[in-house]
Each structure stands twice: as C-alpha cells, then as structure tokens.
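Please read all numbers here as calculations on a predicted model, not as lab measurements. Note that ligands are numbered from 1 as they come in the structure, with each ligand's atoms numbered from 1 the same way. Sequential numbering from 1 along the given sequence is applied to the chain's residues.
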Amino acid sequence: MTRIISPKQVRDAAEIIRKGGVVAFPTETVYGLGASALNPDAAKKIFKAKGRPSDNPLIVHIAGREQLKKVARIPKNKLAIVNKLIRKFWPGPLTLILPRKEIVPLEVTGGLGTVAVRMPKSRIALRLIRMAGVPIAAPSANISGKPSGTCFEHVYDDFNGKIDGIIKSRPCKIGVESTVLDLTSNVPFILRPGGVTYEQLRKVLPGIKIYTHKRKVKVVKSPGMKYKHYSPKAKVLLFEDGEMRRIAEYKKRLERKGKRVVVISPKNSVAFSRKLFAMFRECDKKKIEYILMPAIEEKGIGLAIMNRIRKAASRILR
Ligand code: TXA
Ligand code: MG
C-alpha cells in the first residue's frame with residue numbers, strides 16, 4: 001500500500017526512509033523518489049520501482065554542508081570553486097559531481113567512483129532529509145523513460161501501489177530538473193542543463209563547458225545521457241526552424257490522415273518549464289498521437305527546455 005502523506009506528516013515519511021523504505025517527495029524542480037542514500041537495499045528498491053537501468057546513478061540530496069563532506073571528497077584544488085558554487089546556488093537546482101566517499105554504496109552511484117550531490121531548496125525536502133537523519137538518494141519520480149513527475153497526480157499515476165509513500169504537495173516550481181555540473185574533470189562541465197542556467201554559472205566559472213546536441217559525445221560521462229527520456233506516448237516532432245506556417249501545414253496533413261495532433265509552442269520562461277512535463281502527460285490522457293513543437297532559442301531556461309524536448313522528440317525536422 002502506498003500511503004499519501006501530507007506536508008504536516010513529514011516526520012512519518014522520514015521514519016519510512018530511515019527504515020529502508022521509499023517515499024516520493026516534492027522538490028523545487030521535480031518530485032523525487034527517495035530512499036536512504038546509505039542503504040544499498042533501499043536504493044535497489046528505487047531502481048525496481050522506476051524500472052531504471054542499474055548503471056544510471058542517483059542524486060544524493062543533502063540538507064547541510066556537513067552532509068556534503070560525509071558523502072563526497074572535495075579535492076583541494078576544487079575547494080574554492082565548490083565553496084563559490086554552494087554560496088551562490090545552494091540550496092537550489094544545481095547538482096555537483098564529485099569523487100565519492102565509501103559510505104555511499106555503489107548501488108547509488110551506478111558503480112561509479114563519483115557521486116552526484118544536491119541541496120534542494122524545497123522546504124519540505126529539506127525537512128524530510130533533516131528528519132530522516134541521512135542523505136536521501138532520489139531520481140526524478142517517474143517510470144523510467146516517461147516525463148518527470150512535477151505534480152502529485154503524476155507521481156500517484158506512476159507509483160501508487162509500488163512505493164511506501166508519497167508526500168502530497170503543490171506542483172513543483174521550476175518543472176525541469178537540476179543542472180548537473182561535473183567537477184571531476186579539469187574543466188567544469190555541464191552534463192545536463194537545468195534550473196540553474198549556463199549564463200548564471202558562467203559568471204562564477206568563466207571557463208565552464210557544456211555538452212550540447214551539436215557536440216558529438218565520445219565518452220558518455222553521465223549515464224543518463226544515453227537513455228531515451230521524458231517521452232509522452234505521442235510522437236514529438238521538433239521543428240528546428242521554428243516556422244509556424246510549416247507546422248500548421250504539417251498539422252493539416254496529419255489530421256487529414258485522421259491523426260490526433262496538437263501544437264505546443266514553448267516559451268523561454270519558467271512559467272513554461274513549470275508546465276512542460278504536465279502538458280506531455282496531459283496529451284497522453286487525451287490520446288494525442290502527435291505533438292508538433294517549434295524550437296526556441298537555447299538561452300536561459302530555454303536551454304534546459306530545448307534539451308528535454310530534443311530528448312523527448314522522435315523526429316527533428318530541419
Ligand atoms: O532536479 C533533479 O535533479 C531531480 C530532483 C529529484 O532532485 N532529480 C533528477 O534525478 O533529475 P535523475 O536521476 O532523474 O537524473 C540525474 C542525472 C542522470 O542523468 C544521471 O545519469 C546523472 O544525473 N548522474 C547521477 N550521478 C552521476 C555521476 N556520478 N556522474 C555523472 N552523472 C550522474
Ligand atoms: Mg529522471
């Protein structure tokens with residue numbers, strides 16, 4: 001049975017996590033599917049519930065600086081950078097990849113010698129971590145491959161009956177996941193654009209690099225990059241030139257064939273990122289077969305939005 005837990009009952013959720021159970025909880029980005037980050041059996045339950053490949057590591061969520069030292073090693077030459085980033089962006093949607101400490105089981109890190117760490121901003125999430133007394137390992141709360149859960153209903157649809165509890169709160173504020181920043185290579189690398197923008201990071205780290213769809217990735221640094229993601233059942237067609245007339249013609253052609261089609265025009269704003277995954281799930285409910293989307297400029301939060309759309313897309317029309 002999956003217990004629906006109110007924000008007032010966070011203590012109960014913490015108790016479940018302490019005992020090795022799995023509880024979904026809200027963060028400012030998306031809902032997370034949480035379990036103790038120090039318990040390998042609990043971590044395995046997360047992978048099972050999500051249907052996630054075991055080599056795709058989880059983010060370890062912490063509530064304070066002292067927990068960072070517990071789970072990650074900060075190389076001396078990175079200390080200044082880490083301090084700067086934390087001061088500026090934590091708590092918030094920035095995940096740092098650092099060398100892992102042994103206390104974090106390999107089940108959590110997908111066998112890697114590094115660990116992903118983030119201090120979320122959501123007060124419920126922070127309270128949950130503090131009350132549990134352990135860092136919490138959590139991927140986004142969605143069945144593997146589906147759009148991330150950004151509302152209680154999404155999480156309930158995917159996991160009712162499969163996990164111990166869900167904290168029922170309001171929809172997540174940002175709606176796309178955290179920015180994943182690798183600090184283990186010589187140059188800091190953004191592995192996944194997200195809630196903290198490239199422009200914001202560049203101010204703090206002028207030399208920062210980013211993997212983009214244009215760059216051929218030789219080594220897959222972030223295991224999550226090689227899997228299909230965020231996909232509704234409908235086919236997402238991305239129109240690279242953003243030409244609305246072309247999209248309207250394409251829509252007509254599909255409708256003549258009897259297809260159920262919608263056009264979703266992304267906006268470069270948090271108001272849009274907040275709704276993106278919910279719109280994908282809404283299309284599934286309405287049995288939409290095609291979602292046509294024009295590309296937008298990959299600046300600010302638009303970079304994360306376009307990253308998710310590209311990964312969800314079954315075709316990109318140039
Ligand atoms: O906003 C978020 O980040 C949400 C909330 C719940 O915090 N979490 C989230 O987790 O999006 P998930 O598991 O869906 O995505 C984590 C990404 C994956 O692409 C994974 O491969 C990558 O981070 N990752 C985790 N640990 C890593 C590591 N040690 N090295 C490289 N990439 C890592
Ligand atoms: Mg995910």
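When the options Val104, Ile97, Val108, Thr95 are ranked by their closest heavy atom to atom 28 (C) of ligand 1, first place goes to Ile97.
Enclosure of atom NZ in Lys168 is not indicated, since only 12 or fewer non-hydrogen atoms of other residues, nucleotides or ligands lie within 6.0 angstrom. Counted within 6.0 Å of OH on Tyr250, heavy atoms from surrounding residues, nucleotides or ligands total more than 12; the atom is thus considered enclosed.
Because the distance cut-off is set at 2.8 Å, Ser140 qualifies as a neighbour of the Mg ion (ligand 2) through one of its N, O or S atoms.
Checked by distance only, ligand 1 and Arg118 come closer than 3.5 Å through their nitrogen or oxygen atoms. Not one N or O of Tyr31 is nearer than 3.5 Å to an N or O of ligand 1, by distance alone. At least one N/O-N/O distance between Thr29 and ligand 1 falls below 3.5 Å. Between Thr27 and ligand 1, no N or O atom pair is found at a separation short of 3.5 Å.
Each of the atoms 6 (C), 10 (O), 12 (P), 13 (O) of ligand 1 lies under 4.0 Å from some heavy atom of Pro139. Counting atoms of ligand 1 from 1 in the listed order, those under 4.0 Å from a heavy atom of Asn56 are 18 (C), 20 (C), 21 (O). Atom numbering of ligand 1 starts at 1 in the shown order; those under 4.0 Å from a heavy atom of His61 are 5 (C), 6 (C), 7 (O). Heavy-atom proximity to Leu112, at under 4.0 Å, picks out these atoms of ligand 1: 28 (C), 29 (N), 30 (N). The ligand atoms of ligand 1 that sit less than 4.0 angstrom from a heavy atom of Ile59 are 3 (O), 8 (N), 9 (C), 10 (O), 16 (C). Of all atoms in ligand 1, numbered sequentially from 1 with element shown, those under 4.0 Å from a heavy atom of Pro57 are 20 (C), 21 (O), 24 (N), 25 (C), 26 (N), 27 (C), 28 (C), 33 (C).
Residue-level proximity to ligand 1 for Thr114 is carried by backbone and side chain together, each with a heavy atom below 4.0 angstrom. Proximity of Arg52 to ligand 1, defined as any heavy-atom pair under 4.0 Å, is confined to the side chain (atoms from C-beta onward).
In this structure, Thr109 falls outside the shell of residues with a heavy atom less than 4.0 angstrom from ligand 1.
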Check against side chain to side chain donor-acceptor pair (under 3.5 Å), Arg192 and Ser178: CA-CA 8 Å; Arg192 177 180 73 183; Ser178 63; 3.3 Å; yes
Lys19/Ser36 under side-chain contact (heavy atoms from CB on, under 4.5 Å): CA gap, chis, key distance, verdict: CA-CA 9 Å; Lys19 288 185 176 149; Ser36 164; over 6 Å; no
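Side-chain N or O atoms of Arg281 include one that pairs as donor or acceptor with a backbone N or O of Pro147 at under 3.5 Å.
Checked against salt bridge (Lys or Arg N to Asp or Glu O under 4.0 Å), Arg3 has the following partners two or more places apart in sequence or in another chain: Asp12.
Taking the six-membered ring where tryptophan is involved, the planes of Phe277 and Tyr230 are essentially parallel, since the angle between them stays under 30° and well short of 60°.
Glu28 pairs in a salt bridge (charged side-chain N to carboxylate O under 4.0 Å, His left out) with only one of the listed residues (Arg274, Arg118, Arg123), which is Arg118.
Annotation: cation-pi pair Lys259/Tyr290 absent, no NZ/CZ under 6.0 Å from the ring centroid and within 45° of its normal.
Side-chain contact between Ile291 and Pro232: present, with at least one pair of heavy atoms (C-beta onward) separated by less than 4.5 Å.
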